[in-house]
Number of protein chains: 2
Amino acid sequence: MAQKDEFALQSFLPYLLNQAAEESSLAFQQIYKDRYGMLRTEWRVLFHLGLYGRLTAKDIGARSRMHKTKISRAVQRLEDRRFLTRAPDDADRRQEYLDLTTQGRAAYRDLHGVAQSYDAALADTLTAEEERILRIALRKLARMD
Amino acid sequence: MAQKDEFALQSFLPYLLNQAAEESSLAFQQIYKDRYGMLRTEWRVLFHLGLYGRLTAKDIGARSRMHKTKISRAVQRLEDRRFLTRAPDDADRRQEYLDLTTQGRAAYRDLHGVAQSYDAALADTLTAEEERILRIALRKLARMD
DNA sequence: TGTTGTTAGTTACAAAATCAACCGTTAACA
DNA sequence: TGTTAACGGTTGATTTTGTAACTAACAACA
């Protein structure tokens, strides 16, 4: 009655995904932390603003699926450190538009470049086919398709 | 002088990996939390013990790459809730062997089964080829190969 | 208008993760 | 042996996150 147990922890997709995610973001995390004292949430907010321009906190939430309290705190910290400014929306005074400052845009450009080469380096550990399929599969799993 | 900027946040591998990891572990997380009041760290420790049998905290750390304080606290909580016991190692009294209790093994078997079908459901959203390549690529990125 | 419900964002408090310092034990080696 | 370093594991202080309740503004509609 030997029970076949091929299902090791290492084949559990959420576990694998987590390990790969952690391992792959470690070095990059160190960079935005060291250079700009940013946390991951802050880096993400900065990235969204750098990429799409003026957004409200809500917009960022919709795109990133970060919880609004996380965004609120990240925006606060980025404002404190002069990476962004808030502009009231007169048409709807519940929300505020967020804009990167000159300093914010500089940080964005810097980190954008780092991310780009970091991504290329990661992809280099894979074959072209693996990379292509990986991106497709991840989009599906993240429900981003 | 239009600068081509194809590098969106959504193509950054660490970001994609994180989103996929979060999205894919959400529902499962709810299960071990609801059924056994476990946190992710605790579930991981339980799983390692269920899968490999008696281990020390250090062994678990080496396999999972969790920080030792996380493991220490997870072990503590699992012991408090009678999912595992500690046995002193007389050959090296710095470390302790950890063993699942009957209750611990039952929880492991239950969650193991859930994980198995959960994994199958996730894989169902992918083609066979995508799944195969995905696992290979993730193993490489997680440096588990 | 006025009441009720919804939305954008913040805040307060509890839960959890991180980091450094720590304790007892073992290893290395003069 | 005696001294110093390294190791396994724990603890405490601080930081970060999660959850819920909150405020202020808007919307819907009687």
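Worth knowing before you read on, the calculation uses all heavy atoms, side chains too, and leaves out hydrogens, waters and symmetry mates. These numbers come from a predicted model, not from an experiment. Note on naming: letters A, B, ... go to the chains in the order of the sequence lines (proteins, then strands), and numbering restarts at 1 for each one.
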Q: For DNA chain C, which nucleotides open and close the run of contacts to chain B, 5' to 3', at under 4.0 angstrom from a non-hydrogen atom?
A: C:dA16 to C:dT26

Q: Atom CZ of residue position A:Arg143 - does it have more than 12 heavy atoms of other residues, nucleotides or ligands inside 6.0 Å?
A: no

Q: For B:Tyr97 and D:dG8, what is the distance between atoms OH and P respectively, to the nearest whole Å?
A: 12 Å

Q: Kindly check if the number of other-residue, nucleotide or ligand heavy atoms within 6.0 Å of NZ (B:Lys58) is above 12?
A: no

Q: Would you check, one step at a time, whether the test side-chain contact (heavy atoms from CB on, under 4.5 Å) holds for A:Leu134 with B:Leu134?
A: CA-CA 5 Å; A:Leu134 173 68; B:Leu134 173 68; 3.5 Å; yes

Q: Can you check the B:Leu55 CG to D:dG8 C1' distance for me, whole Å?
A: 15 Å

Q: Please give me every residue in residues 66-80 of chain A whose heavy atoms get under 4.0 Å of an atom in DNA chain C, ordered by residue number.
A: A:Lys68, A:Thr69, A:Ser72, A:Arg73

Q: Kindly state which residues belonging to residues 35-46 of chain A come within less than 4.0 angstrom of DNA chain D, counting heavy atoms of the residue only, listed by number.
A: A:Leu39

Q: Within the side chain of B:Arg81, is there an N or O that forms a donor-acceptor pair under 3.5 Å with the backbone of B:Gly37?
A: yes

Q: Using the ring of each side chain (for Trp, its six-membered ring), is B:Phe28 parallel, tilted or perpendicular to B:Tyr32, with breaks at 30° and 60°?
A: perpendicular

Q: Considering residues, nucleotides and ligands other than B:Arg65, do more than 12 of their heavy atoms fall under 6.0 Å from its CZ?
A: yes

Q: Is there a side-chain contact (heavy atoms from CB on, under 4.5 Å) between A:His48 and A:Ile71? Walk through the geometry before answering.
A: CA-CA 11 Å; A:His48 280 276; A:Ile71 296 170; over 6 Å; no

Q: If you count the non-hydrogen atoms of other residues, nucleotides and ligands that lie under 6.0 Å from CZ in B:Arg82, is the total more than 12?
A: no

Q: Report yes if the distance between the aromatic ring centroids of A:Tyr15 and B:Phe47 is under 6.0 Å, otherwise no.
A: no

Q: Assuming nearest nucleotide by heavy-atom distance, tell me which of B:Arg94 and A:Asp89 is located more 5' along DNA chain D.
A: B:Arg94

Q: Give a yes or no answer on whether the side chain of B:Arg135 reaches the backbone of A:Ser11 with a donor-acceptor pair at less than 3.5 Å.
A: yes

